[in-house]
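Right, one structure below, let's go through it.
Here is the naming used below: chain letters follow the sequence lines, and residue numbers restart at 1 for every chain. Just so you know, these numbers come straight off a predicted model, no measurement behind them.
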Amino acid sequence: MTSLQPIRGTHDILPDEYPRFAHVVEAARAVTRLYGYREMATPVFETTEVFARTSGETSDVVMKQMYSFVDRGGDPLTLRPEYTAGICRAFITNGQQQNVPFKVFAWGPMFRYERPQKGRYRQFYQLDIEVIGSPEPGADVEVIAVGADILDRLGVLKDCVLELNSLGDSESRAAHRKVLIDYFKAHEARLSEDSKSRLERNPLRIFDSKDEGDRALLPNAPLLKEYLTSSAQGFFAGVLRGLDDMGIAYRVNPHLVRGLDYYTHTAFEFVTTNLGAQGTVLAGGRYDGLIEQLGGPPTPGIGWAAGIERLMMLAGAPESAPRPVALVPLGEAAERKALSLARDLRRRGIAVELDYKGNMKRRLQRANKAGARAAVILGDNELAKGVAAVKDLDKGEQKEVALAALAEALSG
RNA sequence: GCGAAUGUAGCUCAGUUGGUUUAGAGCAUCGGAUUGUGAUUCCGGGGGUCGCGGGUUCAAAUCCCGUCAUUCGCCCCA
């Protein structure tokens, strides 16, 4: 099969659409810079181990969503399904322990083998920030604030709700997990099929279930928050206090869980109802054990990821690019003169459209379509006088300008 | 992985219960009216394996089966 169809779940970003994409990245870049984050990038693929070990062997991402393959050298590799693991790997292998807190911003394509639908692709783009090496609740607050500010800059914060929860430390989670499984096991017959499979995998997920039978069991189910150690409780209280101090609105959702196993303490997501079934716009949490799992020294971390396509769907159109001027030479002498003239104007920072062929009518039509603000008409008459006819394409007014004064006349 | 809907020109769509020998429209595109002036108008041109494959029929864009893709939902997630 040599079909030219794009791979399922992939999509092209054509020039008409790209400014919206760039607008999202620019907003994130600007805000993260204000908070002292530095931009970086990592490879789009890693050894499979990097993702398998960190995301959790039983997570959906590892079990069925990874694009994995064996390369010619026989190594098992995987296209990154998320950014955090790769950045942590980079932190370790580049010896950045001396650089904590390691505050970074990154963006790029991610790959997940899923059924595509609105706001969900197999190759999609994410924004990502991480703070590695800060164990304080203040880091959680800052990371959330960065997310809120980016959403605000894009004009979508007002359509989002920040939900958060504490997943506690590993001690809290282990204790709770045990009671929770016992509780649901006792009522296993009433659980939905989905929840039965969630039981061993990620019992917390059952709290999210939409199934009637599952929901009936929830009121009496043991809540994680009752099993939080006092230090975990204190940590979460610190995060909430910081959000209050910053004036960031939130809703504590005791049922909030994350899909990746490495999260501890704070888990949060900005959700919207404007995206159909894919309500999550920006989500993340703390992952204090992750670096150690990867083979690094015990190092805390926190971060989030946001789907660029989802943000594009919510955000308004960016400001349009500066309008060019169109050069319209008539005749061979003028066409030759136009080459150097166009280059000179461009060097002075003026965007110039210059067609390679066509009569005047044709070129003016193209100038119009290119959104040009003015046409610079250059024919034998003008050349002889050392001027150009500059036509304002909005007003329709035309006047003669000396070639030497052209750049100045067009800068205004 | 599961369920449902939809695939006709570059785009948006029409195509009546299968039946008028070349499958239509608008927009877009190209050319001309106007070889030195961009809205508009007028005239004309190009562009279609009717998603793909098979089947039923005298006859299929239309009915049936399969397949691929898209969309929506479930699962899950950004």
Side-chain angles (χ1 to χ4, degrees), chain A residues 1 3-11 14 16 24 55 58-65 80-84 107-128 147 151 160 192-195 197-198 201-202 205 208-211 257-260 269-272 275-284 303-314 326 328-331 334 353 355 358-383 388-398:
Chain A
M1 235 248 317
S3 155
L4 270 183
Q5 279 178 345
I7 305 295
R8 175 176 226 194
T10 64
H11 63 121
L14 296 174
D16 279 350
V24 170
S55 301
T58 60
S59 69
D60 266 49
V61 167
V62 171
M63 289 205 306
K64 60 180 195 187
Q65 295 179 351
R80 64 185 178 198
E82 53 115 16
Y83 226 139
T84 304
W107 67 275
M110 305 294 152
F111 306 84
R112 257 125 91 157
Y113 191 87
E114 294 184 273
R115 192 75 180 267
Q117 53 181 267
K118 184 177 185 179
R120 191 156 90 186
Y121 305 94
R122 289 185 172 180
Q123 174 174 340
F124 59 103
Y125 294 81
Q126 282 189 338
L127 307 171
D128 185 284
L151 295 178
C160 295
S192 66
E193 284 307 310
D194 280 333
S195 287
S197 69
R198 284 190 273 233
R201 202 153 34 103
N202 195 345
R205 270 273 164 224
D208 263 349
S209 177
K210 286 155 191 153
D211 181 82
V257 197
R258 313 262 43 246
L260 304 170
E269 45 187 53
F270 286 86
V271 296
T272 178
L275 278 181
Q278 276 65 241
T280 306
V281 168
L282 183 155
W304 54 247
I308 294 181
E309 288 89 346
R310 290 183 186 180
L311 289 170
M312 285 168 69
M313 287 189 270
L314 295 169
V328 182
L330 299 164
E353 290 285 330
D355 276 342
N359 57 24
M360 174 178 258
K361 175 188 171 71
R362 184 94 223 108
R363 291 182 193 249
L364 282 175
Q365 283 175 344
R366 288 225 191 87
N368 218 28
K369 198 181 303 178
R373 56 187 220 265
V376 177
I377 298 163
L378 198 61
D380 292 337
N381 301 346
E382 286 79 9
L383 265 188
V390 175
K391 177 166 190 173
D392 183 315
L393 288 176
D394 294 327
K395 296 176 187 160
E397 296 165 0
Q398 186 168 322

If I pick the [atom1] atom on [M] and the same atom on [N], what distance separates them, to the nearest angstrom?
{"N": "B/rG44", "M": "B/rA60", "atom1": "C1'", "value": "34 Å"}
{"N": "B/rG46", "M": "B/rU29", "atom1": "C1'", "value": "9 Å"}
{"N": "B/rA23", "M": "B/rU37", "atom1": "P", "value": "41 Å"}
{"N": "B/rG36", "M": "B/rC52", "atom1": "P", "value": "47 Å"}
{"N": "B/rU22", "M": "B/rA61", "atom1": "P", "value": "12 Å"}
{"N": "B/rC11", "M": "B/rG66", "atom1": "P", "value": "28 Å"}
{"N": "B/rA28", "M": "B/rC43", "atom1": "P", "value": "15 Å"}
{"N": "B/rU67", "M": "B/rC2", "atom1": "P", "value": "11 Å"}

How close or far is atom [atom2] of [N] from atom [atom1] of [X], stated in whole angstroms?
{"X": "A/Leu364", "N": "B/rU40", "atom1": "CG", "atom2": "P", "answer": "14 Å"}
{"X": "A/Gln365", "N": "B/rU41", "atom1": "CD", "atom2": "C1'", "answer": "13 Å"}
{"X": "A/Asp355", "N": "B/rG38", "atom1": "CG", "atom2": "C1'", "answer": "13 Å"}
{"X": "A/Met313", "N": "B/rU71", "atom1": "CE", "atom2": "P", "answer": "10 Å"}
{"X": "A/Lys118", "N": "B/rC74", "atom1": "NZ", "atom2": "P", "answer": "13 Å"}
{"X": "A/Arg112", "N": "B/rC75", "atom1": "CZ", "atom2": "C1'", "answer": "14 Å"}
{"X": "A/Arg373", "N": "B/rG38", "atom1": "CZ", "atom2": "C1'", "answer": "17 Å"}
{"X": "A/Arg122", "N": "B/rU71", "atom1": "CZ", "atom2": "C1'", "answer": "15 Å"}

Test log, rule side-chain contact (heavy atoms from CB on, under 4.5 Å), inputs A/Met360 and A/Ile377: CA-CA 9 Å; A/Met360 174 178 258; A/Ile377 298 163; 3.3 Å; yes
Dump the pairs, protein N or O against N or O of nucleotides 33-36 of chain B, anything under 3.5 Å, distances to one decimal.
{"unit_1": "B/rG36", "atom_1": "O6", "unit_2": "A/Asn381", "atom_2": "N", "d": "3.3"}
{"unit_1": "B/rG36", "atom_1": "O6", "unit_2": "A/Asn381", "atom_2": "OD1", "d": "3.4"}
{"unit_1": "B/rG36", "atom_1": "O6", "unit_2": "A/Asn381", "atom_2": "ND2", "d": "3.0"}
{"unit_1": "B/rG36", "atom_1": "N1", "unit_2": "A/Glu382", "atom_2": "OE1", "d": "3.0"}
{"unit_1": "B/rG36", "atom_1": "N1", "unit_2": "A/Glu382", "atom_2": "OE2", "d": "3.2"}
{"unit_1": "B/rG36", "atom_1": "N2", "unit_2": "A/Glu382", "atom_2": "OE2", "d": "2.7"}

Closest contact, heavy atoms only, A/Cys160 versus A/Thr272: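 Closest pair (atom of A/Cys160, atom of A/Thr272, distance): SG-CB, 4.3 Å.
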Closest approach of A/Gly379 to A/Ala334 (non-hydrogen atoms, all atoms of both residues):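 Smallest interatomic distance, heavy atoms only, reads CA-CB, 4.4 Å.
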RNA chain B base-pair string [pairs: Watson-Crick or G-U under 3.5 Å; |: paired with another strand]: (((((((..((((.....[....)))).(((((.......))))).....(((((..]....))))))))))))....
Just to be sure I understand the rule, does [X] reach a base, reach only the sugar-phosphate, or reach nothing, if contact means heavy atoms closer than 4.0 Å?
{"X": "A/Arg115", "value": "base"}
{"X": "A/Ala283", "value": "sugar-phosphate"}
{"X": "A/Tyr121", "value": "base"}
{"X": "A/Arg366", "value": "nothing"}
{"X": "A/Val328", "value": "nothing"}
{"X": "A/Gly9", "value": "sugar-phosphate"}

Side-chain H-bond candidate by donor/acceptor type, A/His11 with A/Glu309, under 3.5 Å: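 The criterion, which ignores hydrogens and geometry beyond distance, is satisfied for A/Glu309 and A/His11.
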Contacts of type side-chain contact (heavy atoms from CB on, under 4.5 Å), residue A/Ala306, not counting sequence neighbours: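 Counting only residues at least two positions away or on another chain, A/Ala306 forms a side-chain contact (heavy atoms from CB on, under 4.5 Å) with A/Leu127, A/Leu282, A/Trp304, A/Leu311.
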Nearest-nucleotide pick for A/Asn368, side chain only, options being B/rA78, B/rG73, B/rG38: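 In terms of side-chain proximity for A/Asn368, the closest of B/rA78, B/rG73, B/rG38 is B/rG38.
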Given B/rA78, B/rC74, B/rU37, the nucleotide with the shortest approach to the side chain of A/Gln117: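 Nearest listed nucleotide: B/rC74.
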A/Asp355/A/Arg363 salt bridge by N-O under 4.0 Å criterion: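 So A/Arg363 does not pair with A/Asp355 through a salt bridge.
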Test: A/Arg122 cationic atom under 6.0 Å from A/Tyr113 six-membered ring centre, within 45° of axis: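 Flagged: A/Arg122 positioned over aromatic ring of A/Tyr113.
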Aromatic A/Tyr83 / basic A/Arg80 pairing, under 6.0 angstrom, 45° off normal: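 That pair qualifies as a cation-pi contact.
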A/Ile308 side chain near A/Trp107 side chain, heavy-atom distance below 4.5 Å: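 Counting from C-beta outward, A/Ile308 and A/Trp107 do come under 4.5 Å.
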Rounded distance [0.5 Å steps], CG in A/Leu383 versus CG in A/Leu378: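 Atom-to-atom, A/Leu383:CG and A/Leu378:CG are 4.5 Å apart.
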5'-most by nearest nucleotide on RNA chain B - A/Lys395 or A/Leu282: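 The 5'-side residue here is A/Lys395.
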Distance below 4.0 Å between A/Arg120 side-chain N/O and B/rU71 OP1 or OP2: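 No.
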Residue pair A/Leu364, A/Lys361: steps toward the side-chain contact (heavy atoms from CB on, under 4.5 Å) verdict: CA-CA 5 Å; A/Leu364 282 175; A/Lys361 175 188 171 71; 6.0 Å; no
Side-chain-base donor-acceptor pair under 3.5 Å for A/Arg8 and B/rC68: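 For A/Arg8, whose side chain was compared with the base of B/rC68, there is no donor-acceptor pair (under 3.5 Å).
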